Amino acid sequence: MLELVTAGIILIFLGSLILIFWIITRSVETRAVLKEETNLSENKSEKINGGGVIMIGPLPIVFGTDKKYALMAIILAIVLMTLAIVFSR
């Protein structure tokens, strides 16, 4: 029994190390890509649009950078509330 506990602890430790290593390597790769993209797009001025919904219980908080994305977020909120009602029964 003690061997299984030891093997489990070792596997959890190795899994954690692999996860930390993966996060660090992805972070370095992402920084390199972002730095390259920033250098390429310095001359361009792009407007970024978006929106979202924060559901606090049954109450949605909707936000967006313009009307189009706010409307999409409202529709998303209605769908989420409907799904919550349907699957809560």
Side-chain angles (χ1 to χ4, degrees):
M1 183 72 171
L2 185 60
E3 293 85 19
L4 287 176
V5 171
T6 305
I9 292 172
I10 289 172
L11 285 174
I12 290 171
F13 182 72
L14 287 175
S16 299
L17 286 177
I18 291 171
L19 182 64
I20 291 170
F21 177 74
W22 179 80
I23 289 171
I24 290 172
T25 56
R26 292 291 296 168
S27 173
V28 170
E29 290 174 6
T30 303
R31 284 186 186 167
V33 168
L34 287 176
K35 186 175 181 181
E36 182 179 309
E37 287 178 357
T38 303
N39 289 338
L40 292 175
S41 67
E42 282 181 350
N43 296 334
K44 300 178 185 176
S45 66
E46 298 178 8
K47 183 178 178 186
I48 298 174
N49 294 322
V53 177
I54 299 173
M55 298 292 291
I56 300 178
L59 303 174
I61 298 173
V62 179
F63 57 92
T65 56
D66 58 8
K67 287 183 181 181
K68 175 183 173 186
Y69 292 100
L71 180 63
M72 287 173 40
I74 290 171
I75 293 169
L76 177 64
I78 292 170
V79 169
L80 288 174
M81 287 188 305
T82 305
L83 288 174
I85 291 170
V86 167
F87 287 112
S88 68
R89 294 178 185 215

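We number each residue from 1, following the sequence as shown. Fair warning: this is a prediction, and the values are worked out from it, not measured in the lab.
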- Hydrophobic cluster (4.5 angstrom, side-chain heavy atoms) - remaining members for I54: I56, I61, F63
- What one should report as the nearest heavy-atom pair of A73 and G52 is CB-O, 3.5 Å
- Task: For L76, check side-chain contact (heavy atoms from CB on, under 4.5 Å) against everything at least two apart and list the hits.
- Result: V53, L80
- Which hydrophobic side chains are connected to Y69, either touching it within the sub-4.5 Å cutoff or through other members that do? M72
- Message: For the CG atom of L71 and the CD1 atom of I75, what is their distance to the nearest 0.5 Å?
- Response: 4.5 Å
- Message: Which residues pass the side-chain contact (heavy atoms from CB on, under 4.5 Å) test with L83, not counting sequence neighbours?
- Response: V79, F87
Check residues 5-22 and write down every donor-acceptor pair under 3.5 Å in which the side-chain atom is one partner and the other belongs to a residue at least two apart or another chain.
from : atom 1 : to  : atom 2 : distance (Å)
T6   : OG1    : L2  : O      : 2.9
S16  : OG     : I12 : O      : 3.0

- Here the pair of heavy atoms bringing A77 nearest to V62 is CB-CG2, 4.3 Å
- Which pairs count as salt bridge (charged side-chain N to carboxylate O under 4.0 Å, His left out) when at least one residue sits in residues 53-62, sequence neighbours excluded? none
